[in-house]
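Atoms within a ligand are numbered from 1 in the order they appear, just like the ligands themselves.
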Amino acid sequence: MKTSIATVSISGELPEKLEAIAKAGYDGVEIFENDFLAFDGSPRDVGRMVRDLGLEITLFQPFRDFEGMPEPHRSRTFDRAERKFDVMQELGADLLLVCSNVSGVALGGIDRLADDFRELGERAAKRGLKVGYEALAWGRHIFDHRDAWEVVRRADHPNIGLILDSFHTLSRKIDINSIRSIPKDKIFIVQLADAPLIDMDLLYWSRHFRNMPGEGDLPVADFTAAIADTGYDGYLSLEIFNDQFRGGSTREIAADGHRSLIYLGDQIRRRSPTTRLTLPTMPPRAKIRDVGFVEFATDDGDAAGLIGILRSLGFVKTAVHRSKAVSVYSQGDIRLLVNTDEGGFASGSYAVHGTSAYAVALIVDDAKQALARAEALNAVPFTQPVQEGELELPAIRGVGGGIVYLIDDKTDLGRFSEIDFLPVEPDAQIEAAGLTRIDHIAQTVSYDEMLTWLLFYTSIFETQKTPMVDIIDPGGVVRSQVIENGQGSLRITLNGAENRRTLAGHFIAEKLGSSVQHLAFETDDIFATSQALARNGFRKLQISPNYYGDVEARFGLDPELTDRLKQENILYDRDEHGEYFQLYSETYGEGFFFEIVERRAYKGYGAPNAIFRIAALKKLMRPDGMPKI
Ligand SMILES: O=C(O)c1ccc(O)c(O)c1
Ligand SMILES: [Mg+2]
């Protein structure tokens, strides 16, 4: 398998695009004609630029409205093609994409189309060039790759072949088994794109909403497996039309695309180990057993406030680091680290972002293998110096600059808390509140980064996404995407903020980047927990009394239960599996907060309650967005 991407997929000027494509590790690039036309250099300059970067031009495209034209259009179309061939020869591109005709004057008739292609093939052959035919899902006569293949078959010319594009085939739900009978040498290139399932006009969907394989909902892996079954081992080339990517970070989007292709290749190899696609091998997606700890970076001054909240939540200090200013606060299976050390990454993070939960440790089956997989998928490993005798925990950088530690029970890593930390006598004054484990970690990210995060988690770890939901904040919409594993041992909610007037948007603006905005802990008895919290002086978020009348009516609750919920400021939800109870802390700093949940078989995250929670949290912020407390 060789990797390629169309220049149209990323933002920037042509040289910037090419550099990002080379840096991300692709083997080739499709030159989208408009990118070339908008650039001042000659075709030779562009060709040289591409090759100097170690890339190959995989395709020049698109050539539109060619086949089936009546005269005088037909002659003009062939003249147009000759002009493109001139450019291609100077560029050093040997494959042209012809997409199926959408013109109102185009004539149908499979043999007419085949004849046109045979003649084009003759002309291309004279120059040592090739032409591939792609069925656009909205083509006038040809909108199905099976028909495009029939045209190519009848053209019967060595310089004419087929181009398959996952979007056009999958958006129309065309049977992908039909691909398996196409001879591999007639597939000139394969274009890949995914897309979220949205019921809309095919052309509009294709031109604005495509995304990287794995980021959307189309069965791109099934499509690719069918291609691999033909024995095709050529380029897999991303062709992504996406409004967000056009305005996004050139480098990041290019890197995401490359990661998506490597991940896709890995999925194909695991499905059919005898696949003829040449693929790198890597360990499987890492299974997450649990969250080992969440670590806050802060300083001595700010730590007091944070520790005050932790104590009111029933956490007690149980250990301190041997050589660094790091303390462990524990309750149930939850470990929270508070790092006030003045050297190292944490203090740098604190200097830039203020107090934040900058690191998360995941307990995986095999940390070394997890790291190897992450590196195979171009994640950036993280290391920092440790004292003699202390453990160097394997780690990678998260998307927003935070750290993901990888620990396991196989090695000393499982005992890192005994090796690196000294136990301290717990403070007997604090009453435990029955918090047992971390239920979920809520990360607030910029909306533009959501797909990057999604691909990061789902490609490296054994997790899946659930459908995105909209959360209405009085200041705008926040999109929420869950990433979780089947066992519930990792649940992450990604909240994507589009503007800074939302609670989430304010948080990332003030934090100068994506960060954990809240941590949710689980309890087996939310009412007992609520009372213990009250005794510890925990400051609970006050929910509007109007909420309770509605919730009682909506779910037909026993008024006695409603009263208790209201008294304790507990939110309620129910799904087809069971019930959910939630309570919240007030905000800390720029809008960080804690949540406590009790799940009675419930599978969701209380999305219908988010609007009321946000409204209540916002009452605690001043009009300028700063916290009142
Ligand atoms: O949207 C289009 O016109 C278009 C052009 C070229 C392609 O390869 C394609 O898949 C779509
Ligand atoms: Mg295409």
Side-chain angles (χ1 to χ4, degrees), residues 3-10 26 28-38 57-67 77 80-81 84 87-88 93 95-104 106 117 130-149 151-152 160-174 176 179 182 186-195 198 200-213 216 218 220 223-224 226-227 232 234-246 257 260-261 264:
T3 58
S4 157
I5 183 169
T7 52
V8 72
S9 314
I10 53 177
Y26 294 89
V29 59
E30 291 183 15
I31 302 292
F32 223 74
E33 189 175 23
N34 279 346
D35 281 313
F36 160 70
L37 297 179
I57 298 179
T58 51
L59 184 66
F60 185 69
Q61 74 138 330
F63 189 66
R64 297 184 190 276
D65 297 338
F66 161 72
E67 77 284 21
T77 311
R80 253 195 324 124
K84 296 302 161 199
V87 172
M88 288 172 63
L95 180 61
L96 175 71
L97 176 145
V98 173
C99 51
S100 57
N101 203 325
V102 300
S103 161
F117 272 106
K130 294 192 296 177
V131 174
Y133 187 33
E134 172 195 61
L136 293 177
W138 54 89
R140 182 161 169 84
H141 298 285
I142 302 294
F143 41 78
D144 183 320
H145 71 250
R146 292 169 294 195
D147 296 333
W149 163 231
V151 171
V152 166
I160 298 294
L162 185 67
I163 293 179
L164 291 165
D165 178 322
S166 62
F167 183 87
H168 298 298
T169 294
L170 300 175
S171 63
R172 281 190 161 269
K173 302 195 174 72
I174 296 167
I176 50 177
I179 292 170
I182 302 171
K186 291 309 275 184
I187 304 174
F188 280 4
I189 197 165
V190 173
Q191 296 183 312
L192 295 177
D194 202 337
I198 313 174
M200 69 162 78
D201 171 67
L202 289 176
L203 184 149
Y204 198 79
W205 187 21
S206 175
R207 295 244 175 108
H208 301 274
F209 292 95
R210 290 187 180 205
N211 55 23
M212 305 299 177
L218 299 178
V220 182
F223 174 89
T224 313
I227 302 268
Y232 175 89
Y235 272 103
L236 296 181
S237 189
L238 298 168
E239 187 200 31
I240 316 294
F241 307 96
N242 182 303
D243 296 352
Q244 207 182 310
F245 295 179
R246 284 179 197 274
S260 79
L261 288 176
L264 183 69

message: Which protein residues come within less than 4.0 angstrom of ligand 1, counting heavy atoms only?
response: Q61, P62, R64, L97, E134, L136, W138, D165, H168, Q191, R207, R210, E239, F241
We want to know whether [X] and [Y] form a side-chain donor-acceptor pair, criterion being a heavy-atom distance below 3.5 angstrom.
X	Y	value
Y133	E67	yes
D65	S103	no
E30	Q61	yes

- prompt: Do any N or O atoms from the side chain of R207 and from the backbone of L202 form a donor-acceptor pair under 3.5 angstrom?
  reply: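 Flag not set: sc R207 to bb L202 has no pair under 3.5 Å.
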query: Are any side-chain N or O atoms of T58 and backbone N or O atoms of V29, one a donor and one an acceptor, separated by less than 3.5 Å?
result: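 At least one qualifying donor-acceptor pair exists.
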task: Look up atom NE2 in H208 and atom CD in Q244, then write down how far apart they are to the nearest 0.5 Å.
output: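 Between atom NE2 of H208 and atom CD of Q244 there are 13.5 Å.
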message: Distances under 2.8 Å only: what protein N/O/S atoms are near the Mg ion (ligand 2), ordered by chain and residue?
response: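 E134 OE2, D165 OD2, Q191 OE1, E239 OE1, with waters left out.
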- prompt: Among D243, L238, D165, whose side chain to side chain contact (heavy atoms under 4.5 Å, CB included) with R210 holds?
  reply: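 Of the listed residues D243, L238, D165, the side chain to side chain contact (heavy atoms under 4.5 Å, CB included) partner of R210 is D165.
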task: Report yes or no: is the cationic atom of K130 (NZ for Lys, CZ for Arg) closer than 6.0 Å to the six-membered ring centre of F188, at no more than 45° off its axis?
output: yes
- request: Kindly assign one of parallel, tilted or perpendicular to the pair F66 and F117, based on the angle between their ring planes and the thresholds 30° and 60°.
  value: perpendicular
